[in-house]
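Just below is one structure, and these are the notes that go with it.
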There are 2 protein chains.
Amino acid sequence: MRKVAESTVARLSVYLRQLAELEREGVSTVSSAALACRAGTTAAQVRKDLSFFGTFGKRGLGYSVSELSSELRTILGLGRTWRVALVGAGKIGAALYDYQDFRRQGFYIRAVFDNDPAKIGQRWNGVEVRPASELESVLRGEAIDIVIIAVPASAAQGVVDRVVSAGVRGILNFAPVRLTVPPGVELKNVNMAVEMEGLSFALARR
Amino acid sequence: MRKVAESTVARLSVYLRQLAELEREGVSTVSSAALACRAGTTAAQVRKDLSFFGTFGKRGLGYSVSELSSELRTILGLGRTWRVALVGAGKIGAALYDYQDFRRQGFYIRAVFDNDPAKIGQRWNGVEVRPASELESVLRGEAIDIVIIAVPASAAQGVVDRVVSAGVRGILNFAPVRLTVPPGVELKNVNMAVEMEGLSFALARR
DNA sequence: GGATGTGAATGTCTTCACAGCT
DNA sequence: AGCTGTGAAGACATTCACATCC
């Protein structure tokens with residue numbers, strides 16, 4: 001069960017989202033072909049992806065929407081809540097804080113940090129914006145699992161080093177800069193500039 | 001020169017960013033090994049990526065930082081300005097509008113749309129927030145190349161259909177939903193939920 | 001009959017290793 | 001000597017196709 005491709009995991013997320021939609025639509029059973037169609041992939045890919053984790057379907061029938069949904073939630077580690085901190089209370093931080101989809105999947109933002117005195121002390125839905133000086137102590141005190149980096153590029157690596165030293169092992173980075181973390185720490189990057197440049201590349205060659 | 005992997009293009013963006021940094025540091029020449037180290041990949045990968053587009057280095061020496069930088073900008077289609085529209089003037093839209101890195105690479109937001117009467121008519125840095133009803137006419141009138149979707153998931157596909165019918169061929173989607181576009185239209189997705197679930201997956205299996 | 005689960009085949013991407021320039 | 005550029009090898013991911021089971 002080791003060694004699963006990142007692309008497989010990303011697709012599982014997509015499947016899960018499609019299953020949630022099917023559930024809302026009242027559909028109770030789905031074939032790999034139907035799920036693939038909604039997820040933008042192929043039936044064989046769906047079956048292969050799932051086969052890494054077990055066997056969830058019934059031959060001749062397909063998959064139970066609710067069962068598969070629940071299995072995927074377990075596989076993706078969504079069977080618990082995750083304690084999240086947000087570093088950077090600027091526009092991007094505010095947008096992320098608001099992004100309710102996180103909460104729905106069990107990601108709870110338990111702490112917010114910023115350096116701007118005008119923001120420190122504000123209450124966001126009951127969560128106080130704290131100064132960066134309290135970073136390590138709050139991360140440990142609140143037992144934070146995952147930190148979201150939403151600070152300027154120049155400050156990001158410094159924040160990451162402190163976050164890692166405070167024992168956090170999952171980081172989602174929105175700063176447009178390549179960060180380094182020690183082995184054992186999981187780092188994901190969301191870089192809009194890379195995506196935009198992917199678009200301009202594709203559009204330019206025609 | 002056809003058929004370049006998406007992953008290659010994404011890395012080119014990263015190289016370009018590293019080269020810009022090297023330029024600021026006053027470095028004039030860089031080896032594939034040094035660039036790879038900064039970009040988080042291998043020397044062979046750097047050379048192979050570049051080899052799809054030509055030969056830019058000097059054997060025994062490395063690459064001229066400024067030359068390679070300029071070549072990459074051309075390859076990525078950054079040798080011109082791109083006219084961008086933003087649909088959705090909520091928190092995410094506001095954060096994106098503010099994201100100055102876009103502008104620096106030649107992506108200019110020329111139009112903003114929303115449905116909220118409280119937002120329509122606002123001026124964002126001189127760009128007026130317009131009602132969605134004007135979508136097609138403004139996209140054509142302003143000769144928009146790329147549209148950023150920052151509306152709720154439920155509204156996204158409808159917006160995309162209208163945007164495509166108005167002749168736009170590049171879309172960057174921030175709504176957490178799988179969109180479909182006809183062939184010939186380039187679609188990139190930024191999905192934070194997928195990234196967070198990738199983190200929880202990695203953290204859960206230890 | 002119908003759809004899954006999976007080894008085998010195919011396709012794609014990355015790494016190796018070295019000839020060839022500077 | 002040093003480092004690039006690139007075929008060839010290897011690793012990895014996707015697709016095929018079919019035996020298997022409901």
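Quick note: numbers below take in every heavy atom, side chains included, and nothing from hydrogens, waters or symmetry partners. Chain A is the first sequence line, chain B the second, and so forth, proteins listed ahead of strands; every chain is numbered from 1.
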Query - dA3(C) OP1/OP2 closer than 4.0 Å to side-chain N/O of S31(A) - result: no
Query - Expected output: side-chain S200(A) to main-chain L76(B) donor-acceptor under 3.5 Å - result: yes
Report summary line: Rounded to 10°, the angle between the first-five-pair and last-five-pair axes of the helix from dG1(C)-dC22(D) to dT22(C)-dA1(D) is 10°
Query raised in the report: Taking atom C1' of dC3(D) as reference, at what distance in whole Å does atom CG of L61(B) sit?
Result: 8 Å
Query raised in the report: CD of E6(B): more than 12 outside heavy atoms within 6.0 angstrom?
Result: no
Query - Lys/Arg-Asp/Glu bridge criterion (N-O < 4.0 Å) met for D145(B), R83(B) - result: no
Query - Euclidean distance, atom CG of residue D49(A) to atom C1' of dT6(C) [Å, nearest integer] - result: 13 Å
Just the table, please: protein N/O against nucleotides 8-10 of chain D N/O, every pair under 3.5 Å.
none

**Report entry** Integer-rounded Å distance: dC22(D) P and F56(A) CZ
**Finding:** 17 Å
Query raised in the report: Can you check whether S51(A) has a side-chain N or O nearer than 4.0 Å to OP1 or OP2 of dG5(C)?
Result: no
Report task. Could you label the plane-to-plane angle of the F107(B) and F102(B) rings as parallel, tilted or perpendicular, counting under 30° as parallel and over 60° as perpendicular? Result -> perpendicular
Query raised in the report: Which is it for V190(A) and M196(B) under the side-chain contact (heavy atoms from CB on, under 4.5 Å) test, yes or no, and what are the steps along the way?
Result: CA-CA 10 Å; V190(A) 175; M196(B) 286 297 272; over 6 Å; no
Query - Protein-nucleotide distance (K58(A), atom NZ; dT20(D), atom C1'), rounded to Å - result: 16 Å
Query - Proximity to the side chain of Y63(B) - top-ranked nucleotide from dT6(C), dC3(D), dG5(D) - result: dG5(D)
Requested in this report: Rounded off to whole Å, could you give me the CG-to-C1' distance for the L35(A) and dG2(C) pair?
Outcome: 17 Å
Requested in this report: Kindly say whether G77(A) contributes a backbone atom to a donor-acceptor pair with the side chain of W82(A) at under 3.5 angstrom?
Outcome: yes
Query raised in the report: side-chain contact (heavy atoms from CB on, under 4.5 Å) with V84(B): which of I148(B), V112(B), V168(B)?
Result: I148(B)
Query raised in the report: Taking atom C1' of dG7(C) as reference, at what distance in whole Å does atom CZ of F52(A) sit?
Result: 13 Å
Query raised in the report: Should the pair R130(A)-E142(A) be classified as a salt bridge under the 4.0 Å nitrogen-to-oxygen rule?
Result: no
Requested in this report: Select one nucleotide: of dT15(C), dC16(D), dC3(D), the one nearest the side-chain heavy atoms of T42(B).
Outcome: dT15(C)
Query - First of R59(A) and S7(A) reached from the 5' end of DNA chain D, by closest nucleotide - result: S7(A)
Report task. Ignoring backbone atoms, establish whether Q45(B) has a side-chain N or O less than 4.0 Å from OP1 or OP2 of dT15(C). Result -> yes
Requested in this report: Answer yes or no: is there a donor N or O on one side and an acceptor on the other, between the side chain of R206(A) and the main chain of G184(B), under 3.5 Å?
Outcome: yes
Report summary line: Atom CG of L50(A) and atom P of dG5(C) are separated, to the nearest Å, by 7 Å
Query - Nearest listed nucleotide, side chain of R47(A), among dC22(D), dC18(D), dA17(C) - result: dC18(D)
Query raised in the report: Taking atom C1' of dT4(C) as reference, at what distance in whole Å does atom CZ of F53(A) sit?
Result: 17 Å
Report summary line: Tested for side-chain contact (heavy atoms from CB on, under 4.5 Å) against L19(B), the lone hit among V27(B), L72(B), V14(B) is L72(B)
